[in-house]
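Scroll down for the structure; my scribbles are underneath it.
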Amino acid sequence: MREIEFDDIVKAVRDIIVHCGTDLPQDTYDALKEAMEKEKSPVSKEVIRQILENADIAKEEKRPLCQDTGLAVFFVKVGEDVKVKGGLLKDAINKGTEQGYKDAYLRASTCEPFSRANLKDTVGYNLPAIIHFDLVEGDKIDIEYAAKGGGSENVSRAKVFPPAAGKEGIINYVKEVISDAGGNPCPPITVGVGIGGTFEKAVISSKHALFRDIGSKNPDPELDEMEQTILEEINKLGIGAMGMGGTKTALAVHIEANPCHIASLPVSVNVQCHSSRHTHITI
Amino acid sequence: MAQYTLTTPLTSEDTKKLKAGDTVLLNGVIYTARDAAHKRLVELIEKGEELPFDIKGSVIYFVGPTPPKPGDPIGSAGPTTSYRMDSYSPTMLKHGSKGMIGKGKRSQEVKDACIKYDGIYFGATGGAGALLGKKITSAEVIAYPELGPEAVRKITVKDFPVTVINDTYGNDLYEMGRKEYEVK
Ligand code: SF4
């Protein structure tokens, strides 16, 4: 049994939060650059230019990329041969989150659902983090992290279709969700699509799909083809960067599919804005 | 699509020359407010009480900035989604405010109020918080400090880049732009 110190996890989590707050990941930066070159609308081209300039300034001067520094979302795979010494893994992740958000001057954006009171003085600074755990083989802890802003989360949707809806039904649904969203989720966006499983499994899959690097290929050829088809369809909508009209509404579509019940076809669409702050570490 | 440099407070003469798609570099004092602050401001107007700033010709920026780093006037400060202000904006325009800065589409009521009261809805690049924060040269909380990032701030901007989304003639850049690039 391998032992990992509680404080080492706190520090690792704190560090990735600080880093992601100001440094746009390379996959996203490269995809935006390519989109700027290919964009036909001059207005949208200028918007993407500003987004890239913003990323340069943020990195250089260590300023938050966006004022919405999001809720902290984690997918954590815990090896069955690891033990955290000195506390609970969940507490270490939350503590690291709080420290990272404070140290990097990120905004505390969590609030109580009804009074809308900010939880920073009661629960903690931008806490609780949203953590999805999974148990796996081995003696390591694998942490995927993303800062998820509200604008793109607000346009995300899920629906359980009858099986007869099929691929066509799914493609049309994704198009409808993105069309209705327009410029609100800060395009150019990445679209996570979760298919199958139960209702919640589809939703979590659509979130996890956003953690994949832009430009990476889906290992399943059928899903890969579907990703390309949906991406083309979305870019025909004409929404453009920040909704100002253009040909590069989405940078990528990522799909995760699961086996589902014979009676149902759950589909979830989770949208990620251009400020796709995500990273991955193994401890 | 024309380019302008304008200084606040804005007049009807300023706003009437703008068309959807024009780009503007804004200078001068503007005020920040999100939903919670708008609710309070509109309540004051309805009660006939005095506002914490002069609404005539004012430009309101929908933003909740990050905390400033030591020595900076403000942190990152990009626009938030504007529809949450849709129910309040017509009242603000009616009482003399001339501009709003945010992101995302507005309701028909807001667009109609822009026509009626010579108001402009500007879009700023969402997610460009570091870039836009640097265009703010001073910031001061002037009301509702208890709202934290949502407090009303008086900020001074220098060459703050915005695009006209809704003009005083009923044009909407989101609709126009999309129509132009949509492939049926
Ligand atoms: S949608 Fe993304 S880029 Fe836009 S304001 Fe929210 S976090 Fe920032």
Side-chain angles (χ1 to χ4, degrees), chain A residues 21-22 40-44 46-48 50-51 53-69 102 104-109 116 118 120 149-151 154-155 179 181-187 232 235-247 249 273-275, chain B residues 1 3 20-23 32 34-36 39 63-70 72 74-84 102-105 123-135 146-150 161 163-165 172-184:
Chain A
T22 56
K40 295 206 177 90
S41 147
V43 180
S44 275
E46 166 59 18
V47 170
I48 306 176
Q50 284 185 20
I51 292 169
E53 187 189 343
N54 180 68
D56 295 338
I57 293 174
K59 187 174 180 167
E60 172 116 4
E61 301 182 13
K62 296 278 161 250
R63 290 170 185 273
L65 282 154
C66 179
Q67 76 292 333
D68 183 353
T69 50
K102 277 186 179 162
Y105 298 93
L106 306 180
R107 195 178 76 185
S109 305
R116 311 305 292 177
N118 196 301
K120 71 179 189 305
N154 286 355
V155 300
S179 177
N184 286 0
C186 289
E232 273 169 36
N235 284 335
K236 280 186 195 162
L237 292 170
I239 296 168
M242 291 313 299
M244 297 192 188
T247 54
T249 304
C273 58
H274 64 73
S275 201
Chain B
M1 280 169 220
Q3 279 186 331
D22 288 349
T23 49
T32 74
R34 288 169 47 113
D35 353 3
K39 185 162 182 258
V63 61
T66 57
K69 289 213 271 186
D72 286 345
I74 202 161
S76 288
T80 193
T81 313
S82 307
Y83 71 83
R84 300 195 313 272
K103 70 173 176 95
K105 51 194 168 211
T125 299
L131 173 103
L132 296 170
K134 278 193 76 173
K135 309 283 182 192
E146 66 280 10
L147 293 179
E150 298 210 40
T163 306
V164 177
I165 306 292
D172 183 327
L173 178 66
Y174 293 140
E175 285 167 15
M176 290 156 54
R178 195 160 165 176
K179 223 174 253 160
E180 193 176 341
Y181 291 97
E182 189 173 12
V183 183
K184 293 245 171 163

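Just so we're on the same page: letters track the sequence lines, and every chain starts at 1.
If you measure heavy-atom distances from A:Asn184 to chain B, the contacts under 4.5 Å come from both the backbone and the side chain. Proximity to chain A (any heavy atom under 4.5 Å) is shown, for B:Thr23, by neither the backbone nor the side chain. Proximity to chain B (any heavy atom under 4.5 Å) is shown, for A:Val47, by both the backbone and the side chain. Of the atoms belonging to A:Ala55, not a single heavy atom falls under 4.5 Å from chain B. Heavy atoms closer than 4.5 Å to chain B are found nowhere in A:Lys120, neither backbone nor side chain. When heavy atoms are compared at a cutoff of 4.5 Å, B:Pro65 approaches chain A solely by way of its backbone atoms N, CA, C and O. Looking at A:Ser41, both its backbone and its side chain come within 4.5 Å of chain B, counting heavy atoms on both sides. Only the backbone of A:Leu106 comes within contact range of chain B, with heavy atoms under 4.5 Å apart.
For the set A:Gly183, A:Gly240, A:Cys186, the count of heavy-atom pairs under 4.5 angstrom toward chain B peaks at A:Cys186. Most heavy-atom pairs under 4.5 Å with chain A: of the set B:Gly104, B:Ala130, B:Gly129, this distinction falls to B:Ala130. Considering only heavy-atom pairs separated by less than 4.5 Å from chain A, the leading option among B:Lys184, B:Lys69, B:Met1, B:Glu180 is B:Lys69. When A:Ile51, A:Ile239, A:Asn154 are compared by the number of non-hydrogen pairs under 4.5 Å with chain B, A:Ile239 comes out ahead. Most heavy-atom pairs under 4.5 Å with chain A, from the set B:Gly75, B:Ala36, B:Ala77: that is B:Ala77. Of the listed residues (A:Gly182, A:Gly243, A:Ser44, A:Pro187), the one with the most heavy-atom contacts under 4.5 Å to chain B is A:Gly243.
Judged by distance alone, the side chains of A:Lys40 and A:Thr247 never bring a donor and an acceptor atom under 3.5 Å apart. Between the side chains of A:Ser179 and B:Arg178, at least one donor N or O sits under 3.5 Å from an acceptor N or O. Side-chain atoms of B:Thr125 and A:Gln50 include a donor-acceptor pair closer than 3.5 Å.
Comment: B:Lys134 engages A:Glu61 in a salt bridge, judged by a side-chain N to carboxylate O separation of less than 4.0 angstrom. At a threshold of 4.0 Å, the pair A:Arg63-B:Asp72 counts as salt-bridged, since one of the basic side-chain nitrogens sits closer than that to a carboxylate oxygen.
With values rounded to the nearest 0.5 angstrom, A:Glu60 atom CD is found 11.5 Å from A:Thr22 atom OG1. Atom-to-atom distance recorded for B:Leu147:CG and A:Asn118:CG is 10.5 Å, nearest 0.5 angstrom. Taking OG from B:Ser76 and CG from A:Asp68, the interatomic distance works out to 11.0 Å, rounded to the nearest 0.5 Å.
Between the side chain of A:Thr249 and the backbone N or O of A:Asn235, no donor-acceptor pair lies under 3.5 Å.
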